[in-house]
Amino acid sequence: NTRFNDLGNHAWAADAIVSLADAGIIKGTSDNEYSPANNITRADYAILLVRAFEQTSDNTENFDDVKATDYFAHELAIARNTGIVNGIGDNKYAPRKTITRQDMMVVLYRALVKMGVELKPVDGIDATAYADFADVADYAKVAVKALVEAGLVNGKGENLAGNDKTTRAEVAVLLKRILDYIG
């Protein structure tokens, strides 16, 4: 891969990262680095969903903790006004905070439902069989179950690791999988 020189330890994600970069959906953290192991921020995740699903909105209303000059302001306004993201309450989004795996799945699931994408369960996959399914927050269980059982989200070994932070590599692989799924 000639685009990013820091994917060596993330061979499992390299194809997805390069494919999405070529499509203009994801960008590196610099000209030749993607920083795959870094945790993704809530703003950057929203940007990826807006780009991947080609969402638009003429409404520029944004969250109170987003400045018009923030690099993510435009896409975050679209994500907010199309209902992809709801924020954390009080019209705030905490854009620079990291996002957990379960929250990443909740947002993704909400976006897919809004777009009318039907997730079909794959025979033999049972999200509740993961050792830590009970630890997934109640508000996230439906989304996690649907994405895992459709074969779109993999656990980390025996666990779903819902409270782990989501890495830039994980998001790239999942988005590529989703785009292939909805084709």
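Every value quoted in this text rests on a predicted model; they were computed, and no experiment measured them. Side-chain atoms are counted along with the backbone in the values below, which use heavy atoms only and exclude waters and symmetry mates.
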Can you confirm whether [X] sits close enough to [Y] that some side-chain heavy atom of one is under 4.5 Å from a side-chain heavy atom of the other?
| X | Y | value |
| --- | --- | --- |
| Leu49 | Leu175 | yes |
| Tyr130 | Lys156 | no |
| Thr29 | Tyr34 | no |
| Arg80 | Asn91 | yes |

### Message
So does Glu61 get a backbone contact from the side chain of Asn59, meaning a donor-acceptor N/O pair under 3.5 Å?
### Response
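Judged by distance alone, yes, a pair lies under 3.5 Å.
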### Query
Glu149 side chain to Ala127 main-chain N or O, any donor-acceptor pair under 3.5 Å?
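Answer holds: yes.
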If Ile, Leu, Val, Met, Phe, Trp and Tyr residues are connected whenever their side-chain heavy atoms lie under 4.5 Å apart, and connections chain through other members, are [X] and [Y] in the same group?
| X | Y | value |
| --- | --- | --- |
| Leu76 | Ile88 | no |
| Ile178 | Val18 | yes |
| Leu48 | Leu20 | yes |
| Val173 | Val122 | no |

So, for [X] and [Y], which heavy atoms are closest and what is the spacing to 0.1 Å?
| X | Y | value |
| --- | --- | --- |
| His10 | Ala169 | CD2-CB, 3.6 Å |
| Pro36 | Thr167 | O-CB, 3.5 Å |
| Ala150 | Leu119 | CB-CB, 4.1 Å |
| Ala73 | Ala68 | CB-O, 3.7 Å |
| Ala172 | Ala16 | O-CB, 3.7 Å |
| Phe4 | Ala21 | CE1-CB, 3.8 Å |

### Query
Does Asp138 have any salt bridge (charged side-chain N to carboxylate O under 4.0 Å, His left out) partners at least two apart in sequence or in another chain, and if so, which?
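Partners of Asp138 by the salt bridge (charged side-chain N to carboxylate O under 4.0 Å, His left out) criterion, ordered by chain and then number, come out as Lys141.
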### Task
Determine, stepwise, if the pair Leu112 / Leu147 fulfils side chain to side chain contact (heavy atoms under 4.5 Å, CB included).
CA-CA 10 Å; Leu112 293 172; Leu147 287 164; 4.0 Å; yes
### Query
Going through the distances and angles, do Asp164 and Asn159 end up as a side chain to side chain contact (heavy atoms under 4.5 Å, CB included)?
CA-CA 11 Å; Asp164 283 12; Asn159 293 306; over 6 Å; no
Verify the neighbour count for atom [atom1] of [X]: are there more than 12 heavy atoms of other residues, nucleotides or ligands below 6.0 Å?
| X | atom1 | result |
| --- | --- | --- |
| Asp90 | CG | no |
| Asp31 | CG | no |
| Asp15 | CG | no |
| Lys145 | NZ | yes |

How many angstroms lie between atom [atom1] of [X] and atom [atom2] of [Y], to the nearest 0.5 angstrom?
| X | Y | atom1 | atom2 | result |
| --- | --- | --- | --- | --- |
| Ile47 | Ile40 | CD1 | CD1 | 8.5 Å |
| Asp44 | Thr166 | CG | OG1 | 12.5 Å |
| Ser35 | Leu7 | OG | CG | 9.5 Å |
| Trp12 | Ile17 | CH2 | CD1 | 7.0 Å |
| Ile25 | Ser19 | CD1 | OG | 7.5 Å |
| Arg3 | Glu33 | CZ | CD | 14.5 Å |

### Task
Salt-bridge test for Arg96 and Asp70: reply yes if a basic N is under 4.0 Å from a carboxylate O, no otherwise.
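Yes.
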### Query
When you look at Phe63 and Val85, which way does the side chain to side chain contact (heavy atoms under 4.5 Å, CB included) test go after all the steps?
CA-CA 11 Å; Phe63 294 102; Val85 298; 3.9 Å; yes
### Task
Please lay out, stage by stage, how Val113 and Glu118 fare under the test side chain to side chain contact (heavy atoms under 4.5 Å, CB included).
CA-CA 7 Å; Val113 168; Glu118 190 184 344; over 6 Å; no
### Message
For Asp126, give me all partners under side chain to side chain donor-acceptor pair (under 3.5 Å), at least two apart in sequence or on another chain.
### Response
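Thr128.
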### Task
Test Tyr93 against every option in Asp65, Asn62, Asn86 by the side-chain contact (heavy atoms from CB on, under 4.5 Å) rule and name the one that passes.
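For Tyr93, the side-chain contact (heavy atoms from CB on, under 4.5 Å) test succeeds with only one of Asp65, Asn62, Asn86, which is Asp65.
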Let me have the donor-acceptor pairs involving side chains of residues 97-110, under 3.5 Å, with sequence neighbours excluded, atom names and distances please.
residue	atom	partner	partner atom	Å
Thr100	OG1	Asp103	N	3.2
Arg101	NE	Leu160	O	2.9
Arg101	NE	Ala161	O	3.3
Arg101	NH1	Glu170	OE2	3.2
Arg101	NH2	Asn154	O	3.1
Arg101	NH2	Leu160	O	3.1
Gln102	OE1	Ala137	N	2.9
Gln102	NE2	Asn163	OD1	3.2
Asp103	OD1	Tyr139	OH	2.5
Arg110	NH1	Ile84	O	2.9

